[in-house]
Amino acid sequence: MKQYDVIIIGGGAAGFFAAVNIGELHPNLKVAILERGKDVLGKVKVSGGGRCNVTHAEFIPQELTTYYPRGEKELLGPFHTFMTGDTMGWFEARGVPLKIEDDGRIFPTSNNSQTIIDCFLNEADKHNVDVLTNQSVISFEKINTQWSISTKTDQFLANKLIVATGSNPKIWSFLQQLEHTIIKPVPSLFTFNINDQRIKDIPGVVAQNVTVKVVDSKLESSGPLLITHWGMSAPSILKLSAFGALELAKRDYKFDIEVNFINQEFETAFSDLKDIKQDLSKKTVFKATQFDLPKRLWKTLVLSADITEDNRWADLNKIQLEALAGQLTKAVFKVDGKSTFKEEFVTAGGIDLKEVNFKNYQSKIHDNLYFAGEIINVDAVTGGFNFQNAWTSAYIVAKNIDN
Ligand SMILES: Cc1cc2nc3c(=O)[nH]c(=O)nc-3n(C[C@H](O)[C@H](O)[C@H](O)COP(=O)(O)OP(=O)(O)OC[C@H]3O[C@@H](n4cnc5c(N)ncnc54)[C@H](O)[C@@H]3O)c2cc1C
């Protein structure tokens with residue numbers, strides 16, 4: 001039986017951040033990470049397309065919370081303790097320079113997630129954290145004041161136990177046996193599958209300023225939209241998938257969306273089109289792209305409005321102008337299923353927020369049991385916010401573990 005002051009289950013982002021900060025803030029504590037895989041930090045490695053989007057350039061706590069469909073209210077306090085600026089300072093103080101990209105995402109300047117992994121491994125080594133791989137935890141229980149942890153091969157004892165196993169169904173169901181409530185997990189951050197003639201031949205096209213609404217729902221979001229081989233992606237869609245994670249799961253990922261490609265009212269677009277008809281009467285509609293749309297998107301929307309390739313603006317009747325304004329501002333598409341967004345995907349659901357004390361991330365049900373990272377029912381839109389949740393929760397556990 002191996003004895004530690006603190007055992008962390010899970011050698012991922014949250015587990016490592018907790019371990020190395022405990023090592024630094026409480027050097028007297030003996031800490032171990034138990035990781036089921038033969039390697040640690042697997043998701044960090046593949047994250048952000050291999051570049052690891054560590055956080056996001058949003059430095060106001062209230063604003064930062066709005067990126068979290070689950071956890072918005074609860075994260076406000078924690079972000080006052082450790083948020084994006086702290087994350088940047090933490091990495092830079094340990095020799096990992098970061099850069100902010102135009103869209104606010106923050107990456108190591110190396111553009112390589114291995115830099116982050118190397119930093120964590122060095123820190124763990126420096127602070128004598130035992131990193132034990134091939135240790136799949138199968139159960140843990142309280143024996144008097146200590147936690148007894150069983151893996152497939154070994155037995156451990158610890159005064160404090162931190163569970164940072166991400167979206168792991170086995171650990172969630174095990175925690176249910178320990179009287180914790182688990183909010184049913186559903187995917188978040190996915191792209192929409194759409195089989196529609198209008199977009200079939202234009203994968204790769206991006207419209208920059210789009211609003212997407214789910215029909216018969218309050219769900220709505222704005223931002224860039226990317227046409228893919230399977231349907232639609234990019235921030236406008238990913239935000240909907242995150243904020244609508246539960247509702248869209250209930251609809252079994254079959255629903256209609258209304259896309260406004262130019263972010264204008266129908267009436268305004270119709271009136272603009274009437275003006276364009278006057279101004280460009282001799283030009284062919286198909287070739288005279290308007291509203292700063294990508295050419296290929298304009299062409300497909302024109303054809304969908306029953307306008308032919310050689311129609312001139314002067315040829316258009318009211319019905320055609322209305323049809324084009326409709327395609328531009330309220331084009332309906334049928335979504336049938338979802339696909340994984342490979343840059344980043346997360347799971348909504350996990351330990352009920354009501355059962356976690358957000359001052360120290362301790363379980364409200366069991367003393368000396370803590371949680372960090374995606375295991376809790378917190379998740380965010382894409383852009384570095386999910387890692388920020390891992391860093392914030394892990395840092396706060398580390399800071400308070402000695403109390
Ligand atoms: C492809 C992809 C790319 C992503 N890119 C980004 C990004 O760029 N930016 C961003 O903010 N977020 C990104 N995310 C989300 C981010 O990776 C997660 O939110 C984050 O990793 C959660 O950290 P965690 O430590 O809670 O869980 P994880 O990183 O999943 O770590 C959990 C660890 O626990 C271990 N474990 C599980 N069960 C057991 C057990 N029984 N015993 C022992 N060990 C166990 C697992 O093997 C794993 O190592 C991405 C996700 C994916 C899938």
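First listed ligand is number 1; within each ligand, the first listed atom is number 1.
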>> I'd like to check the ring pair (Phe, Tyr, Trp, His ring centres under 6.0 Å) partners of Tyr361; sequence neighbours left out, ordered by chain and number.
In response: Phe358
> Are Phe82 and Trp90 an aromatic pair by the rule of ring centers under 6.0 Å?
Replying inline: no
>> Holding to side-chain hydrogen bond (donor to acceptor under 3.5 Å, both in side chains), I want the full list of residues that pass it with Tyr253, two or more places apart in sequence or in another chain.
In response: none
>> How about CD on Gln155, more than 12 heavy atoms from neighbouring residues, nucleotides or ligands closer than 6.0 Å, or not?
In response: yes
>> Going by ring pair (Phe, Tyr, Trp, His ring centres under 6.0 Å), name the residues that satisfy it together with His127, two or more places apart in sequence or in a different chain.
In response: none
> How would you list, by chain and number, the residues with a heavy atom under 4.0 angstrom from ligand 1?
Replying inline: Ile9, Gly10, Gly11, Gly12, Ala13, Ala14, Leu34, Glu35, Arg36, Lys43, Val46, Ser47, Gly48, Asn53, Gln135, Ser136, Val137, Ala164, Thr165, Gly166, Asn168, Ile171, Lys342, Glu343, Glu344, Phe345, Val346, Gly373, Glu374, Gly384, Phe385, Asn386, Phe387
> Is it the case that Arg296 places NZ or CZ above or below the six-membered ring of Trp298, under 6.0 angstrom from the centre and within 45 degrees of the axis?
Replying inline: no
